[in-house]
Amino acid sequence: MDSSVLRAYGDRQGDGMVQMSFVLQVAPSARAREAAKRFAEKHGLKEPLVATMEECAKGYSYFVVYGHSVHSVDFSEIDVPEVRTESLSRTEIEERIKSQFGRKLVVVGACTGSDAHTVGIDAILNYKGYAGDKGLESYKGFDVYNLGAQVENEQLAARARALKADAILVSQVITQRNCHKENAQALIDFLRAEGWRKDVVLLLGGPRIDHKLALELGFDAGFGTGTKVADVASFILERLEQIGVPHK
Amino acid sequence: MDSSVLRAYGDRQGDGMVQMSFVLQVAPSARAREAAKRFAEKHGLKEPLVATMEECAKGYSYFVVYGHSVHSVDFSEIDVPEVRTESLSRTEIEERIKSQFGRKLVVVGACTGSDAHTVGIDAILNYKGYAGDKGLESYKGFDVYNLGAQVENEQLAARARALKADAILVSQVITQRNCHKENAQALIDFLRAEGWRKDVVLLLGGPRIDHKLALELGFDAGFGTGTKVADVASFILERLEQIGVPHK
Amino acid sequence: MASVPVDLGQVEQCRKIASDIADDVQKYIDRHTSVGVERTMLRAFGAEGVDDQGVPIANVAVDRYHRAGLLSRGISTLVAAELLSGATTIQDAAERLAFGVALEESALKITPEQVRATLKPHTDAAIARIDAARIQRQATKASYPPVSNPLKYVIVATGNIYDDALQTKAAAFAGADIVAVIRATAQSLLDYVPQGATTEGYGGTFATQENFKIIRRAADEASVEFGRYIHQTNYSSGLCMSEIAWMGAVERLDMLLNDAMYGILFRDINMCRNFIDQYVSRRIIARAKIVINTGEDNYLTTSDAVEKAHTVLSSQFINEAFAHRAGLTDDLLGLGHAYEIDPKLEDSFLLEIAQAQLIRQIFASHPIKWMPPTKHKTGDIFHSHVHDAMFNLVGITTNQSIELLGMFSEAIHNPMLVDRYLSLKATRYVFSTCKHLGDEIEFKPDGRIAKRAVQVLDEALTLLREVERDSIWESIGNGAFADVKRTRTGGRGFAGVLERAHDYANPILEVLERGA
Amino acid sequence: MASVPVDLGQVEQCRKIASDIADDVQKYIDRHTSVGVERTMLRAFGAEGVDDQGVPIANVAVDRYHRAGLLSRGISTLVAAELLSGATTIQDAAERLAFGVALEESALKITPEQVRATLKPHTDAAIARIDAARIQRQATKASYPPVSNPLKYVIVATGNIYDDALQTKAAAFAGADIVAVIRATAQSLLDYVPQGATTEGYGGTFATQENFKIIRRAADEASVEFGRYIHQTNYSSGLCMSEIAWMGAVERLDMLLNDAMYGILFRDINMCRNFIDQYVSRRIIARAKIVINTGEDNYLTTSDAVEKAHTVLSSQFINEAFAHRAGLTDDLLGLGHAYEIDPKLEDSFLLEIAQAQLIRQIFASHPIKWMPPTKHKTGDIFHSHVHDAMFNLVGITTNQSIELLGMFSEAIHNPMLVDRYLSLKATRYVFSTCKHLGDEIEFKPDGRIAKRAVQVLDEALTLLREVERDSIWESIGNGAFADVKRTRTGGRGFAGVLERAHDYANPILEVLERGA
Ligand code: B12
Ligand code: B12
Ligand SMILES: Cc1ncc(COP(=O)(O)O)c(C=O)c1O
Ligand SMILES: Cc1ncc(COP(=O)(O)O)c(C=O)c1O
């Protein structure tokens with residue numbers, strides 16, 4: 001077998017074992033069990049085993065099914081953008097800011113739109129950080145402005161401009177009906193219209209954000225679940241070096 | 001929408017939401033996440049959300065994915081045999097045995113082959129039963145012989161014949177490599193060869209047994225998880241009345 | 001019953017300080033009103049409907065006179081003036097206020113006494129509506145067998161109120177005692193209450209009076225079907241907190257999320273506005289005998305739950321003090337707290353028990369609201385389910401009153417039907433298998449659990465002293481709660497705050513303040 | 001540490017009675033041997049290989065002389081005879097015994113002393129092999145940091161030993177301390193040990209010497225990789241229990257499932273055969289200082305766990321008594337018990353705690369083996385995971401020693417890689433979050449937990465008295481344990497039991513019996 005072809009792994013190479021759970025609008029019965037089995041089969045599960053069938057609401061059944069999936073993906077064909085910056089240590093970051101810029105880098109961040117989930121952006125920006133990983137404020141080389149929650153794009157842009165921000169950090173946690181995409185996109189449009197999009201590093205973050213999405217929306221990078229502060233700092237540095245921001 | 005067409009139900013009619021979990025032989029990475037997403041898509045999941053990706057063994061990742069399944073099953077097309085005997089009450093059973101047969105019905109049961117899982121057959125046969133549902137032994141109308149575990153088919157057949165059994169009850173819990181099917185089938189073949197298959201009610205039971213399978217193997221009925229004693233008694237009665245077993 | 005050591009002297013001091021803190025604010029409250037409060041009164045008199053843009057008439061009328069600078073006399077004064085100038089009904093008066101010829105200065109030359117007299121029948125009717133709803137609700141509830149604590153509380157949030165109704169029944173089927181319909185993400189920032197039944201919500205379903213009715217009907221049907229009283233909950237929070245309190249009161253809601261400070265901290269609602277609105281909302285809630293759920297649990301989703309445990313307790317004393325000032329009795333105070341300590345922390349379970357037990361003992365006659373882990377949940381739904389089981393265990397062992405059930409899909413989506421089903425199933429199991437655990441164990445008097453409880457109360461007292469020293473206005477400015485800092489004039493809705501004129505009148509509020 | 005009241009006088013009585021019960025059987029054991037025992041000795045001397053049908057030479061030789069009626073002198077006597085008649089090596093002797101010219105009566109005219117003398121170097125070598133393996137194992141283990149209780153024990157069961165090896169490493173990666181390779185369903189009924197590496201097992205992988213080696217290598221590699229000692233376990237049970245004990249001893253297994261009565265009750269192995277075999281297997285295990293795991297947990301998968309809790313305790317006393325007679329010390333006795341009470345039973349958690357704590361206290365210096373819920377598991381994997389969490393909680397709170405991890409897929413299949421991963425993750429979480437819970441609580445001295453513990457010990461004593469009165473042979477006949485009834489001459493393998501001749505010799509067993 002081509003080693004780049006991935007199949008599900010239960011306990012032995014190639015067994016294709018996957019687990020599914022779902023609800024069908026039918027009360028438990030032998031026919032309902034058969035329906036669940038066929039439903040699983042439609043997904044490409046061979047020899048599906050209906051492990052449980054329980055009435056979870058009147059006239060609805062909940063099923064857990066195991067089966068051998070016939071599907072596979074070719075890993076060699078998958079190419080997604082990843083943030084490839086090498087992650088620097090705290091000392092490296094501090095030194096490089098000193099040597100390359102000779103001044104503090106200004107960073108402005110917010111949780112925008114109607115989103116009030118500040119914990120993520122605080123984790124990246126605030127001194128205290130999250131789970132022992134201290135935020136950018138704890139670095140001598142950064143001057144940090146955290147505008148908090150529910151900040152409108154215009155407001156964020158205005159503050160960033162006034163502060164001569166080197167980087168703008170946007171957090172989007174609420175993703176219902178893709179409001180995060182619209183909202184993030186709107187910021188980019190606004191900065192472009194104002195003509196200074198290119199002068200600033202723009203980062204997007206949140207649990208449902210990935211680098212690919214951020215790039216598509218016009219950001220320089222995207223950071224998802226479990227992002228470490230040093231990774232963000234390293235990326236900002238590298239990117240600023242690329243766009244050649246002057247020693248203000 | 002045709003109301004007999006079943007789609008998965010998350011929280012709103014037609015949302016098709018299903019949950020899957022599986023392991024792929026790849027370490028966590030953005031590419032691995034994308035692989036999981038595509039893998040889910042192959043199963044017919046639209047907009048799959050990879051909720052978690054964790055390294056569960058060196059070089060293996062475990063994923064939980066949610067997505068909107070495009071599949072459906074037409075419930076009206078599903079027709080599986082079900083044990084349709086009306087379940088009688090204890091008093092009804094006792095009275096009917098008295099009136100229809102005027103004697104005790106002889107029942108012989110065992111857990112056959114290398115299978116040693118007696119709890120299920122004990123639940124059906126022994127006085128004590130299981131979870132408050134007392135076994136056939138607790139009925140005046142039944143004369144019960146429980147041969148226990150690991151009983152060979154020949155042994156079971158011989159005892160049943162000697163005891164002039166009205167019904168033989170076989171339990172099969174172990175199903176690895178379909179050993180239950182082979183083993184159950186072998187009993188039927190043996191009885192057929194001996195020429196008295198038709199004179200006795202033959203029941204198969206166990207957590208992986210269903211009526212359909214039991215019929216296919218040549219039994220009169222199959223009983224799965226959660227079987228109630230009264231259902232079994234009712235079926236035996238009805239079936240004996242059908243085949244017209246004499247008042248011995 | 002297992003217990004932790006509680007210094008009753010310290011508790012008394014905390015209560016005393018919280019009282020002083022609230023008194024300071026209450027003076028401010030009593031001199032002010034807000035557009036939200038006035039809209040509430042207009043609705044309470046019976047004004048209904050929206051304009052051709054869908055803006056509620058209550059808003060149109062109140063905003064118009066607020067702009068005109070005449071609202072400081074109170075909308076009741078204006079209604080009375082319209083009635084005296086020929087309006088035939090409250091609705092007619094409201095429509096005139098909204099769209100009619102602007103009232104002349106002269107029409108306002110009525111005294112508060114005249115206002116009260118003119119509005120007397122309408123004031124009585126408003127109060128009677130609350131009372132009738134309360135009586136009906138209490139009678140219905142009494143007709144079912146009592147349920148033992150913790151009550152099992154789940155949320156539904158499909159965005160479509162008819163689906164929500166279906167899910168309400170499904171939740172009841174699966175064993176829920178309380179169903180809350182979650183609101184759309186930004187409703188708390190809307191300075192009006194949407195109208196009618198919602199079928200296209202945004203991560204939740206709007207709180208509207210019609211929606212309340214639809215869910216009440218579903219819950220009532222479920223009560224009959226399952227022989228258990230099904231409680232209904234919604235949010236009296238945000239810029240319309242007092243209007244929603246009114247709607248909840250007359251539509252027979254059993255509980256309302258309602259907090260003296262949540263809006264300030266988590267929704268950036270202006271402090272002044274929020275303090276005024278919470279007071280009036282609570283006056284209504286007190287009359288309706290609805291149980292409130294406060295929001296201190298949110299502090300721990302924001303700050304670290306070990307470091308900031310005491311902020312929850314301090315805030316509960318403050319919430320209690322504010323509530324007492326609005327006529328709420330202890331049996332209506334569902335003070336919020338939560339199981340939010342980082343599960344990776346060794347012995348974190350002991351800290352959770354300590355906190356839960358401490359709060360249970362300090363607020364012994366209060367229907368404590370106990371929130372599940374959320375912040376440290378991940379997309380690993382299997383593990384998340386176990387995390388919730390540990391939470392359930394603390395809930396039953398420390399005898400919490402109202403338990404919001406954890407959902408294994410917390411980090412992923414609003415709970416689906418089956419998520420709720422499985423959560424209820426697991427909770428029923430833990431509650432039953434551990435039914436008398438709390439009665440059977442004792443905590444070592446000098447052990448980790450006891451010490452933690454002592455420490456949290458200590459720290460809470462210290463924080464309360466600081467808040468008293470600085471005043472609550474300043475303390476919120478310094479980030480005393482949830483690490484969030486707000487200023488007195490910042491935040492949303494400040495423009496809707498106004499000082500009461502010396503001849504301000506609010507007959508409904510006056511009756512509520514006088515009590516039965 | 002929380003504790004339940006234990007009447008030490010009752011405990012002493014239980015021990016005394018169990019001793020008497022075992023003494024009675026031991027008299028029988030000392031006068032008999034079995035084909036299994038004799039095969040073990042032949043292997044221990046160094047006989048290897050299979051015939052052209054794949055039947056082990058040990059079987060061919062032993063069966064041949066058993067049929068010939070000459071086995072009552074012991075296979076050692078026959079080996080010595082072959083050596084004295086010209087066989088050059090043990091292997092040569094064994095092959096002659098298997099395939100060669102049958103020994104003449106005259107060749108057997110050697111005395112036990114001659115047998116011992118002739119076999120001295122081989123006996124010494126056999127013992128030295130055990131000792132060397134033990135020393136190596138202990139040294140390796142000592143080179144890693146000690147692990148705290150409960151040890152986390154998982155099973156692998158792919159049917160292919162190379163996959164099992166891979167899964168062993170995966171389990172170690174996820175935090176397992178102990179890995180057991182489950183055997184194929186019917187191996188215990190085989191009267192021979194299969195040979196070589198297994199790649200096509202039936203719901204498990206055969207216990208073979210080669211398989212033991214392969215897993216030991218994987219576990220050793222994992223120990224190095226993860227800096228934690230990974231223990232290996234298998235089953236010394238069934239018709240080959242003593243042979244497998246030997247293999248386990250020399251292949252450096254850390255634990256063996258080994259019980260004085262399991263085979264009788266759950267495998268319908270003949271009582272006489274099983275008692276003889278367990279004794280010899282334990283003599284070897286004692287020398288190797290392997291920890292045994294007894295099988296009382298199985299009683300509760302068969303009978304009701306509330307009604308029959310005391311049968312577990314009674315049987316543990318009996319297993320202990322048998323073990324002492326075979327030279328096993330308490331630190332090697334992993335007495336089994338289980339969390340098998342119907343979870344639907346109110347307060348079942350209290351009963352589980354009571355039992356777990358009682359056994360922990362009575363067998364305070366024993367490495368108790370604690371088994372997860374299995375019987376009441378269903379295919380609802382989410383719920384099953386929660387059920388296991390409650391089990392884990394009792395494990396850490398009552399400080400069990402060896403905990404078999406529950407699997408959420410228990411009712412479905414042998415655990416897959418991810419099932420094990422999730423179970424380990426959840427167990428690590430519960431153990432850590434509740435690390436010192438047991439130190440922090442006390443059980444009410446007269447509460448439900450305490451009373452239950454007292455009751456179980458009471459009933460255990462009563463049952464032991466009955467067993468003593470009736471003898472164990474009769475008691476098993478009456479269904480005293482696991483509701484299973486067996487007769488003295490019924491069951492499998494009785495034909496392989498034989499009385500020792502007056503000049504029976506078994507030099508290896510003699511050394512083992514003499515001890516160091
Ligand atoms: C805490 C919390 C809250 C708190 C927020 C408190 C606060 N001050 O932030 C409160 C209680 C107020 C709250 C309210 C609501 N919440 Co909320 N909440 C959560 C919760 C439990 C945890 C989020 C969190 O703090 N995670 C910890 C942080 C550290 O992780 P993170 O945000 O992912 O951040 C990391 C990375 O993503 C990254 N990152 C994040 N941002 C950025 C930005 C940049 C530039 C970079 C580089 C990196 C980066 O770095 C961080 C560190 O690694 C989640 C569920 C969950 N467990 O995820 C729900 C959740 C996010 N909430 C949700 C919802 C729906 C709401 C409400 C709308 C509910 C309602 N209807 O009333 C309200 C409204 C809030 C609003 N308008 O925004 C949903 C969102 C669904 C969705 N995807 O749209 C969730 C998933 C819960 C659920 N199951 O429904 N919530
Ligand atoms: C208890 C148990 C044991 C006990 C059995 C004790 C005993 N005296 O029966 C012990 C510990 C000895 C045991 C051993 C083994 N077990 Co086991 N065991 C179980 C367990 C935990 C519960 C089964 C049970 O008792 N259920 C309760 C009864 C009441 O339910 P039931 O059997 O379904 O019976 C009901 C119906 O099915 C029906 N019914 C059943 N039979 C019949 C017959 C008739 C005629 C009728 C009408 C109805 C009927 O009515 C009953 C009442 O409603 C299951 C896991 C689980 N939770 O299901 C594993 C399980 C069945 N065991 C399993 C295995 C692999 C083994 C072993 C092979 C493990 C090993 N490698 O060592 C051994 C060997 C046993 C052997 N040779 O048979 C697997 C089987 C996998 C498979 N499908 O093939 C399971 C699923 C565990 C797992 N996850 O791997 N086991
Ligand atoms: C007191 C209170 N109000 C309201 C909410 C809900 O938020 P929103 O105002 O967005 O509806 C919460 C959520 O936890 C709360 O605790
Ligand atoms: C002591 C003992 N031996 C063996 C086994 C396993 O069964 P088998 O003999 O089929 O390998 C168990 C299972 O629980 C056991 O407890």
Side-chain angles (χ1 to χ4, degrees), chain B residues 1 3 6-24 26-41 43-57 60-73 131-132 225-226, chain C residues 154-171 173-174 176 179-182 184 198-205 215 218 343-344 374 376-387 407-424 432:
Chain B
M1 201 184 79
S3 75
L6 300 175
R7 291 199 57 199
Y9 181 100
D11 227 21
R12 294 177 70 160
Q13 190 74 46
D15 60 14
M17 200 64 126
V18 304
Q19 172 272 329
M20 286 185 79
S21 74
F22 49 82
V23 169
L24 297 178
V26 58
S29 69
R31 278 178 76 204
R33 185 182 290 275
E34 179 67 19
K37 202 175 145 210
R38 294 201 196 164
F39 184 67
E41 277 166 352
H43 292 79
L45 268 53
K46 293 273 172 224
E47 296 177 46
L49 176 76
V50 179
T52 207
M53 166 173 68
E54 290 183 40
E55 192 159 23
C56 59
Y60 291 78
S61 296
Y62 145 66
F63 300 92
V64 171
V65 180
Y66 278 89
H68 302 275
S69 165
V70 300
H71 300 297
S72 61
V73 286
T225 300
Chain C
V154 295
I155 62 169
V156 309
T158 70
N160 178 325
I161 197 67
Y162 301 107
D163 280 298
D164 287 335
L166 195 145
Q167 303 302 334
T168 297
K169 291 186 175 179
F173 173 94
V179 176
V181 177
I182 296 298
T198 308
T199 53
E200 282 287 338
Y202 219 90
T205 313
I215 298 299
K344 286 185 286 300
T374 63
H376 295 283
K377 286 295 193 69
T378 70
D380 179 355
I381 51 180
F382 296 98
H383 197 69
S384 174
H385 209 39
V386 167
H387 196 165
M407 290 292 147
F408 68 39
S409 55
E410 169 60 36
I412 306 169
H413 48 229
N414 280 335
M416 303 195 307
L417 184 145
V418 73
D419 306 355
R420 251 178 265 118
Y421 167 75
L422 287 169
S423 179
L424 281 158
S432 154

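Throughout, a chain's letter reflects where its sequence line sits, starting with A, and its residues are numbered from 1.
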> Relative to each other, are the rings of Phe382(C) and Tyr62(B) parallel, tilted or perpendicular (30° and 60° limits)?
Replying inline: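 Tilted, since the angle between the ring planes falls between 30° and 60°.
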> Which answer fits Met53(B), side chain, backbone, both or neither, if we ask what part of it has an atom under 4.5 Å from a heavy atom of chain C?
Replying inline: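 Neither; nothing under 4.5 Å.
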Reported [atom1]-to-[atom2] distance for the pair [X] and [Y], which is rounded to 0.5 angstrom:
X: Met416(C); Y: Tyr9(B); atom1: CE; atom2: OH; answer: 10.5 Å
X: Gln19(B); Y: Ile412(C); atom1: CD; atom2: CD1; answer: 8.5 Å
X: Phe63(B); Y: Asp380(C); atom1: CZ; atom2: CG; answer: 12.5 Å

> Which heavy atom of Gly379(C) sits nearest a heavy atom of Thr52(B), and at what distance?
Replying inline: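 Here Gly379(C) and Thr52(B) meet closest at C-CB, 3.5 Å.
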>> For the backbone of Thr158(C) and the side chain of Asp11(B), can you confirm whether one donor and one acceptor N or O come within less than 3.5 Å of each other?
In response: no
> Should the pair Asp164(C)-Arg12(B) be classified as a salt bridge under the 4.0 Å nitrogen-to-oxygen rule?
Replying inline: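 Not counted as a salt bridge, because no side-chain N and carboxylate O are separated by less than 4.0 Å.
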> chain B heavy atoms under 4.5 Å from Asp419(C): which part of the residue, side chain, backbone, both or neither?
Replying inline: side chain
